[in-house]
Engineer: 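The structure's right below; bear with me while I get my questions together.
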Amino acid sequence: MANFIKRKMGWLNTRMGFFLLIVVLFWIKTYIAYQTEFTLGAKGSVQQFLLLINPLPAALLVFGIALYFRGRLAYWLMLIIDVLESTWIFANVVYYREFSDFLSFGIMKGSADVSNNLGKSLAQITHLYDFFVYLDILILIVLLLTHVIRIDPRPFKRRYAFTLTVLSFGLMFAEFGMANADRSGLLTRTFDNNYIVKYLGLNEYAAFNAYQTQKESATRASANASDMKSVLKYLKQNRVSPNVSYYGKEKGKNVFIIHLESFQQFLLDYKVDGKEVTPNLNKFYHSQNTLSFDNFYNQVAQGKTSDAEMMLENSLFGLPQGSAMTTYGTQNTFQAAPAILSQKGYSTAAFHGDVPSFWNRDNTYKSWGYQYFFSSSYYTQKASYSIGYGLKDKIFLKDSAKYIEQLPQPFYAKLITLTNHYPYELDKKNVDFPATKTGDKTVDPYVQTAHYLDQAFAEFMTYLKKVGLYKNSVIVAYGDHYGISNNHRPAIAQLLGKKSVTNFDLAEFQKVPFMIHATGLKGGINHTYGGEIDVLPTLLDLLGVKNTDTIQFGQDLLAKDRNQTVAFRNGNFMSPTYSKIGGTVYDTKTGEPVTLTAAQKKTVDQMQNHVTTELSLSDRVIYGDLLRFYTPKGFTKVKRSDFTYKLKPAMERLAEAEKEEKTSVLAKHDGKSTVSDYKTDAPELK
């Protein structure tokens, strides 16, 4: 036995022996990460086999680079490569835990724009056992330093190294062949990064993502006006007529967009220990003057909140990787809601209690035509006033009143709340609601911050009523994206009162509220299927703003002949009849998988083609900056240089506009401020 061990250790003392050891260890830990940290949905023997072997070809290739070097350098290069590769695994494990997706170069490139408080969030979602990916490296270093494994000084023949390189590429091509046979058009039709990692591996995903990023840059450079033809043709074929019962009914009214951070539909009417989580939003939702949509889905990808804003105000989808606001917000041409409405006589303003650079808002909002952007520098800042990603909602909304009252009417105002943001922290003096008891530390406080948001919402509504804005405004309240990611399956099952949840359940769990309230509006619960891409055309039709020439991929949610296929960014979709999640088609009414007949398959294929087409064309508009080549009738292109969000000049401009037009709340109250009418129970202000 001793001789056997000695012979094996002797083999490890060769260059090839150490190389194979480090490759095998890397292979094992990658596969463990696949199985324990990611939800890749490998089904059947082919997918399971590809998942098992896909770390190997890339490992042979990248670790094989070290074999071209001599002596100690080859060993240390292998270890350095292992550190870099392990860090890539580690970063994706942590990122996937919260975002259910893999890191992209777009996200990494834009990290500076979303870094505020990011470190704190990462600390919350990083677990001690995540560092297991570095364990083998530490062991190998110790074995080398203690000479249990000795460095082989003999030269390694380069033809052997080259043979390994050729072998690795051969295995990659074979792997891709099997993958493409199982999933046709893997790299040309899929919008889901899970598929690429499942079939090809993390390294191949990184390479493909780098290629996509480069291709996107080249697309803009080569785009021309003729590229708009296919977009215009598609939109003409899919445009719907507005509902005559609603078109123009809210013409001339102010518009409030209340951005309910991370707020999911299930929270409405949900109770904990017999208490309503959101009693005020529940009343708003059920009001006879509120149009409430109970089959409304978030459609965001990696850009999350920025994706929601992109869809809400442009009716363009976010990108499959990264954030369109971060990557393209500064340079691209847009035809966004603020620009459209400002050219119809509206004042336009965005309110956000954090730094203006977050998601590149300070630049993107200029491209969208926002006249004013009230960010952190406009608000009183004290340590107790902020938590997580910015000002607490009660303080933020109260302090926004002094700017709202100065806006010439009609105005379009978007207010972005923040307290109900991961990691759902709230200081004890603001907690007056019980947490859920799922045992998941991420999930359980979610209802507490949602309850706080509900209270802040109620205070804001009370203020609007007192100063006369409530009856003269359209109030839109919507959830931007999920608060609880699909990686919390056991907790989600408990929240839904189920033993376990299916992929269909998780897709349904991605519903967010969308509510439009106005005095005199004929409301009710509307069951049409839609998503964030549909908000802008719906709102413009209600306001009586003609938008038949605009580039909008959504459809009016109130239109009678609208297409109810809701596209998700990864190519999945929901509809009243069939829903496709991953490779499985479900009967939407029952939530059960369907074995399709030939006729049903044809229907589903048509729905899939619709989804793939609209996602692809929307991407083409953004990647190629195609709106620079097309201007709708009656629309004037935005000049970013017309706007400044610096405190002093912006406030001077607002004061001048308010004085000239004399339509603001302040003017209506003979110059007397209404801020004292805003009542809040925020303990920090007492």
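All figures in this text were calculated on a predicted structure; none of them were measured in a lab. Quick note: residue numbers are just sequence positions, from 1.
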Engineer: Could you tell me whether the side chains of Asn295 and His527 share a donor-acceptor contact shorter than 3.5 Å?
Structural biologist: no
Engineer: Does the side chain of Pro513 come within less than 4.5 Å of Phe296's, by heavy atoms?
Structural biologist: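 Contact flag for Phe296/Pro513 side chains = no.
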Engineer: Without hydrogens or angle criteria, can the side chains of Glu313 and Tyr412 be said to hold a donor-acceptor pair below 3.5 Å?
Structural biologist: yes
Engineer: Between Leu536 and Ala337, which heavy-atom pair has the shortest distance, and what is it?
Structural biologist: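 Between these two residues, the closest heavy atoms are CD1-CB, 3.6 Å.
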Engineer: Taking atom types as modelled and ignoring hydrogens, do the side chains of Tyr199 and Gln47 form a donor-acceptor contact shorter than 3.5 angstrom?
Structural biologist: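 Short answer, yes.
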Engineer: Does either side chain, that of Tyr452 or that of Gln448, offer a donor lying less than 3.5 Å from an acceptor on the other one?
Structural biologist: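 Side-chain D/A pair, Tyr452 to Gln448: absent.
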Engineer: What I'd like to find out is whether the side chain of Ile516 reaches to under 4.5 Å of the side chain of Thr290, using heavy atoms alone.
Structural biologist: no
Engineer: What do the steps show when you test Phe102 against Tyr95 for ring pair (Phe, Tyr, Trp, His ring centres under 6.0 Å), and what is the final call?
Structural biologist: CA-CA 7 Å; Phe102 296 93; Tyr95 184 82; 8.8 Å; no
Engineer: For the residue pair Phe457 and Phe284, categorise the inter-ring angle as parallel (less than 30°), tilted (30 to 60°) or perpendicular (more than 60°).
Structural biologist: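 Phe457 vs Phe284 ring planes: perpendicular.
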Engineer: Out of the candidates Phe38, Phe90, Tyr34, only one should pair with Tyr96 under the ring-ring contact (aromatic ring centres under 6.0 Å, His included) rule; please name it.
Structural biologist: Phe38
Engineer: Does the side chain of Lys511 come within less than 4.5 Å of Tyr482's, by heavy atoms?
Structural biologist: no
Engineer: Can a salt bridge be assigned to the pair Arg569 and Asp619 using a cut-off of 4.0 Å between side-chain N and carboxylate O?
Structural biologist: yes
Engineer: Hey, is the main chain of Gly483 close enough, under 3.5 Å, to the side chain of Gln264 for a donor-acceptor pair?
Structural biologist: yes
Engineer: Any donor-acceptor pair under 3.5 Å linking the side chain of Gln288 with the backbone of Lys522?
Structural biologist: no
Engineer: With a 3.5 Å distance limit and no angle check, can you tell me whether Ser618 reaches the backbone of Glu614 through a side-chain donor-acceptor pair?
Structural biologist: no
Engineer: Can you name the one residue among Asp541, Asp561, Leu558 that meets side chain to side chain contact (heavy atoms under 4.5 Å, CB included) with Val240?
Structural biologist: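 Testing Val240 for a side chain to side chain contact (heavy atoms under 4.5 Å, CB included) against Asp541, Asp561, Leu558 leaves exactly one candidate, Asp561.
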Engineer: So how far is it from Ser500 OG to Ile492 CD1, rounded to the nearest 0.5 Å?
Structural biologist: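 Rounded to the nearest 0.5 Å, the OG-CD1 separation comes to 12.0 Å.
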Engineer: Can you see which heavy atom on Phe317 is nearest to which on Gln299, and at what distance?
Structural biologist: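 That closest heavy-atom pairing would be CE2-NE2, 3.7 Å.
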Engineer: Flag yes if more than 12 heavy atoms outside Phe49 fall under 6.0 Å of its CZ atom; otherwise flag no.
Structural biologist: no
Engineer: Step by step, would you call Tyr578 with Phe573 a ring pair (Phe, Tyr, Trp, His ring centres under 6.0 Å)?
Structural biologist: CA-CA 8 Å; Tyr578 302 110; Phe573 61 82; 8.8 Å; no
Engineer: Between the side chains of Thr588 and Ser579, is a donor N or O closer than 3.5 angstrom to an acceptor N or O?
Structural biologist: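 The answer is yes; a qualifying pair exists.
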Engineer: Contact between Ile533 and Val566 at the side-chain level, heavy atoms closer than 4.5 Å - yes or no?
Structural biologist: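 A side-chain contact is absent here, since even the closest heavy-atom pair is not under 4.5 Å.
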Engineer: Just checking, any donor-acceptor pair under 3.5 angstrom between side chains of Thr278 and Asn282?
Structural biologist: yes
Engineer: Less than 3.5 Å apart, any donor N or O on the side chain of Asp444 or Thr438 sitting next to an acceptor on the other?
Structural biologist: yes
Engineer: According to ring pair (Phe, Tyr, Trp, His ring centres under 6.0 Å), who are the partners of Tyr285, at least two apart in sequence or on a separate chain?
Structural biologist: none
Engineer: Please assess Lys275 against Asp432 for the test salt bridge (charged side-chain N to carboxylate O under 4.0 Å, His left out), listing each intermediate value before the final yes or no.
Structural biologist: CA-CA 11 Å; Lys275 300 177 181 178; Asp432 63 354; over 6 Å; no
Engineer: Quick test of your reading of the model: are Asp354 and Arg361 salt-bridged, counting only N-O distances below 4.0 Å?
Structural biologist: no
Engineer: So which heavy atom on Pro537 is nearest to which on Ser315, and how close?
Structural biologist: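 Looking at all heavy atoms of both residues, the shortest contact is CD-OG, 3.9 Å.
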Engineer: If we only count heavy atoms from C-beta on, is the Tyr205 to Asn209 side-chain gap below 4.5 Å?
Structural biologist: yes
Engineer: Assess the side chains of Glu37 and Asn487: does a donor N or O sit below 3.5 Å from an acceptor N or O?
Structural biologist: no
Engineer: Is the count of non-hydrogen atoms from other residues, nucleotides or ligands lying under 6.0 Å from Gln237 atom CD greater than 12?
Structural biologist: yes
Engineer: Could you go through the side-chain hydrogen bond (donor to acceptor under 3.5 Å, both in side chains) check for Asp480 and His259 one step at a time?
Structural biologist: CA-CA 7 Å; Asp480 61 339; His259 175 113; 3.0 Å; yes
Engineer: Thr603 side chain to Ala599 main-chain N or O, any donor-acceptor pair under 3.5 Å?
Structural biologist: yes
Engineer: Of all heavy-atom pairs between Ser241 and Ala559, which one has the smallest distance, and what is that distance?
Structural biologist: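 Smallest interatomic distance, heavy atoms only, reads O-CB, 3.4 Å.
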Engineer: Would you say the side chain of Lys198 lies within less than 4.5 Å of the side chain of Leu50, judging by non-hydrogen atoms?
Structural biologist: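 Leu50 vs Lys198: side chains apart.
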Engineer: Is the shortest side-chain heavy-atom distance between Phe509 and Ile484 below 4.5 Å?
Structural biologist: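 With C-beta onward as the side chain, the pair touches.
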Engineer: As an exercise, state the distance from CD of Gln494 to NZ of Lys499, rounded to the nearest 0.5 Å.
Structural biologist: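 One finds 13.5 Å between CD of Gln494 and NZ of Lys499.
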Engineer: Does the side-chain hydrogen bond (donor to acceptor under 3.5 Å, both in side chains) test come out yes or no for Gln564 and Thr528, once each step is laid out?
Structural biologist: CA-CA 7 Å; Gln564 295 190 61; Thr528 190; 3.2 Å; yes
Engineer: What is the distance from atom OH of Tyr478 to atom CE of Met311, rounded to the nearest 0.5 Å?
Structural biologist: 8.5 Å
Engineer: Can you tell me how far CG of Asn609 sits from CD of Gln606, rounded to the nearest 0.5 angstrom?
Structural biologist: 8.5 Å
Engineer: Is Asp556 salt-bridged to Arg562, cutoff N-O under 4.0 Å?
Structural biologist: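 Here Asp556 does not pair with Arg562 in a salt bridge, since their nearest N and O are not under 4.0 Å apart.
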Engineer: Less than 3.5 Å apart, any donor N or O on the side chain of His481 or Asn298 sitting next to an acceptor on the other?
Structural biologist: no
Engineer: When rounded to the nearest 0.5 angstrom, what distance separates CG in Asn243 from CG in Leu557?
Structural biologist: 11.5 Å
Engineer: Between Tyr297 and Glu532, is any side-chain donor less than 3.5 angstrom from a side-chain acceptor?
Structural biologist: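 No, Glu532 and Tyr297 have no side-chain donor paired with an acceptor closer than 3.5 Å.
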Engineer: Side chain to side chain contact (heavy atoms under 4.5 Å, CB included) for Tyr424 and Val443? Distances and angles first, verdict last.
Structural biologist: CA-CA 8 Å; Tyr424 313 117; Val443 172; over 6 Å; no
Engineer: So, for Gln608 and Gly571, which heavy atoms are closest and what is the spacing to 0.1 Å?
Structural biologist: NE2-O, 3.0 Å
Engineer: So do the side chains of Leu415 and Ile257 get within less than 4.5 Å of each other, counting heavy atoms only?
Structural biologist: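 They are not in side-chain contact.
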Engineer: Run the ring pair (Phe, Tyr, Trp, His ring centres under 6.0 Å) check on Phe293 and Tyr529 step by step: do they pass?
Structural biologist: CA-CA 8 Å; Phe293 297 85; Tyr529 276 64; over 10 Å; no
Engineer: Do side-chain atoms of Thr449 reach the backbone of Tyr446 as a donor and acceptor pair under 3.5 angstrom?
Structural biologist: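 Yes; at least one donor-acceptor contact below 3.5 Å.
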Engineer: State whether a side-chain donor-acceptor pair under 3.5 Å links Asn420 with Glu261.
Structural biologist: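 No.
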Engineer: Tell me whether Lys283 is salt-bridged to Asp454, with the criterion being a basic N under 4.0 Å from an acidic carboxylate O.
Structural biologist: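 So Lys283 does not pair with Asp454 through a salt bridge.
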Engineer: Does a side chain donor of either Asn563 or Thr565 reach within less than 3.5 Å of an acceptor in the other side chain?
Structural biologist: yes
Engineer: Give the minimum heavy-atom separation between Leu539 and Val474, together with the two atoms involved.
Structural biologist: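 Of all heavy-atom pairs spanning Leu539 and Val474, the closest is CD1-CG1, 4.3 Å.
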Engineer: Hey, are Asn314 and Gln552 close enough side-chain-wise for a donor-acceptor pair under 3.5 Å?
Structural biologist: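 No, Asn314 and Gln552 have no side-chain donor paired with an acceptor closer than 3.5 Å.
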Engineer: To the nearest 0.5 Å, how far apart are CZ in Phe514 and CG in Leu291?
Structural biologist: 9.0 Å
